[in-house]
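No hydrogens, no waters, no symmetry mates; every other heavy atom, side chains included, goes into these values. Note on naming: letters A, B, ... go to the chains in the order of the sequence lines (proteins, then strands), and numbering restarts at 1 for each one.
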Protein chains: 2
Amino acid sequence: MQQRSEETRLKILESAVKLFSSRGFNAASVDDICADAGISKGAFYHHFKSKQELFLALLDGWLQTIDNAIEASKDMTVPETFMQITEAFPYIFETANEGLPMFLEFWLQASRDEKIWQASVKPYRRYHKYFTDLIKKGVDEGSFVEVDPELTSRMIISTAMGLLLQSLMDPKGAKWEKVARDSTTMLVNGMLKK
Amino acid sequence: MQQRSEETRLKILESAVKLFSSRGFNAASVDDICADAGISKGAFYHHFKSKQELFLALLDGWLQTIDNAIEASKDMTVPETFMQITEAFPYIFETANEGLPMFLEFWLQASRDEKIWQASVKPYRRYHKYFTDLIKKGVDEGSFVEVDPELTSRMIISTAMGLLLQSLMDPKGAKWEKVARDSTTMLVNGMLKK
DNA sequence: GAAATAAAACCGACTGGTCGGTTTGTTTTT
DNA sequence: AAAAACAAACCGACCAGTCGGTTTTATTTC
């Protein structure tokens, strides 16, 4: 039974998310994570080659989540998909708000490494491809006016990223959830054929 | 004459910008900065209380730059101002691209400190106020349709921040300058009364 | 205006502590 | 018993900040 082994791995992953998001990637040391997971450093380095590799493993998990969400919305119409995304906003916003700081911190200091850069950029590119395809489909279906899918995708992602950053910088500066909803609505309305 | 003193201070500031932007805030050590500036650690700590205080001094300088730019555009009409901003885009984009990573890195790890958070959030709030006022003025003047200045300002900043982040993450993923230009044009066109 | 004094600027070795990662040894699993 | 999983002590590099002392600059005194 390697069940115990798998459990240890999961415990490490859980503690890592918890500490990375609460303290930041650098501030949360390997020792901290081990302590929180209730295991030793030896166990940690048995499961992960390095702190960075641990983070990459977390990234993989998120990528999986993205792919699942994309897969789940495969059979909807384009406007329906956008509706669903808008509805899921509070959850997405919260999750992203938790994950963005640690991702940024990690990325800012590690992105000079080619391999790590590749891994970090992957989720972003996947999102971009997803939105581009979605908008293209919407245009082809005739539910959207003729927009440039590439550009529009970038703009949607900009809005999301930018709002996320703003809400992080100045959490009490606005009712961010409402701002996010209004922005999305405006963007989608601008595309919808009437 | 404390001219020499002032020169040293400036040398530190210069080296700091250079190293913070090329290596990142954490990776650039105080020793590195001293070496680059050609001064000793003692001189450094004579001029700045800490590495953080040094960064806050840099922030102050940028804030000044923002204020000057705002001041300079005081007598233009609103559409003229937007035109000018759009034209200055390449320069703004480049500068921001250089400064954003170090700012983010600093902010991510230091923002738990109330004083530092205050200082960091200041430039952002100033921009937001600037755009809000500008749009309000545009609406009052009658050159813009009735939009919500608060929301629109957030959206403009989102777009800028988001594009900046995207261009940092995936520099070769698109012609970012063009994307930025197109996005701005779209946003402004959406507001202009025809 | 030259010597004496005070003050500011500057130097660089050193400290205390952190942290990622390694090594060596022990327990559990199969 | 061999291999995988885990524990615990340990290593070495790094780095922000300190401190005693030196040099330069400004001010006062005679």
**Prompt:** Can you check the A/Tyr45 OH to D/dC10 C1' distance for me, whole Å?
**Reply:** 14 Å
**Request:** For the residue pair B/Glu105 and A/Glu105, establish whether any side-chain heavy-atom pair is separated by less than 4.5 Å.
**Result:** no
**Message:** How many whole angstroms separate atom NZ of B/Lys49 from atom P of D/dT18?
**Reply:** 11 Å
**Complete:** Between CG of A/Asn26 and C1' of D/dA16 the distance, given in whole Å, is 15 Å
**Asked** Between atom CG in A/Asp31 and atom C1' in D/dC11, what is the gap in whole Å?
**Response** 13 Å
**Request:** For A/Phe25 and C/dC19, give me the distance from atom CZ to atom P, rounded to whole Å.
**Result:** 13 Å
**Message:** For a quick check of understanding: with a heavy-atom distance under 4.0 Å over all strands, which category does A/Lys51 fall into, base, sugar-phosphate or nothing?
**Reply:** sugar-phosphate
**Asked** When the distance from CZ of A/Phe48 to C1' of D/dA5 is rounded to whole Å, what number comes out?
**Response** 14 Å
**Message:** Check the phosphate of D/dC6 against A/His47, side-chain N and O only, distance under 4.0 Å to OP1 or OP2. Yes or no?
**Reply:** yes
**Prompt:** Salt-bridged, B/Glu53 to B/Lys115, with N to O below 4.0 Å?
**Reply:** yes
**Item:** Side-chain N,O (B/His46) to OP1/OP2 (C/dC10) below 4.0 Å
**Value:** no
**Item:** Heavy atoms from other residues, nucleotides or ligands near CD of B/Glu94 exceed 12 (cutoff 6.0 Å)
**Value:** no
**Request:** Determine which bases of DNA chain C form Watson-Crick or G-U wobble pairs with both distances under 3.5 Å, and write the result as a 5' to 3' dot-bracket string with | for other-strand partners.
**Result:** ||||||||||||||||||||||||||||||
**Nearest listed nucleotide, side chain of B/Ile39, among C/dC11, C/dG20, D/dC15** = C/dC11
**Prompt:** Is A/Leu108 close to B/Phe106 at the side-chain level, that is, under 4.5 Å between some pair of heavy atoms?
**Reply:** no
**Prompt:** Taking OP1 and OP2 of D/dC6, is either one under 4.0 Å from a side-chain nitrogen or oxygen of A/Thr8?
**Reply:** yes
**Request:** Identify, between B/Ser50 and A/Ala43, the residue whose nearest nucleotide on DNA chain D lies closer to the 5' end.
**Result:** A/Ala43
**Sidechain N-carboxylate O distance under 4.0 Å for B/Asp182, B/Lys178** = yes
**Request:** Give the ring-plane orientation class for B/Phe44 versus B/Phe48, where under 30° counts as parallel, over 60° as perpendicular and anything between as tilted.
**Result:** tilted
**Complete:** Taking C/dC11, D/dA7, D/dA16 as options, the one with an atom nearest any side-chain atom of B/Ser40 is C/dC11
**Message:** Is it the case that the base of D/dA8 and the side chain of A/Lys41 share a donor-acceptor contact (distance under 3.5 Å, atom types as modelled)?
**Reply:** no
**Message:** Heavy-atom nearest nucleotide on DNA chain C for A/Phe44 versus B/Gly38: which residue maps closer to 5'?
**Reply:** B/Gly38
**Prompt:** Could A/Lys129 and A/Tyr124 be counted as a cation-pi pair, given that NZ or CZ must be under 6.0 Å from the ring centre and within 45° of the axis?
**Reply:** no
**Message:** Rounded to whole Å, please give me the gap between CZ in B/Phe55 and C1' in D/dA16.
**Reply:** 17 Å
**Request:** Could you tell me the separation between the CD1 atom of A/Ile12 and the C1' atom of D/dC6, rounded to a whole number of Å?
**Result:** 10 Å
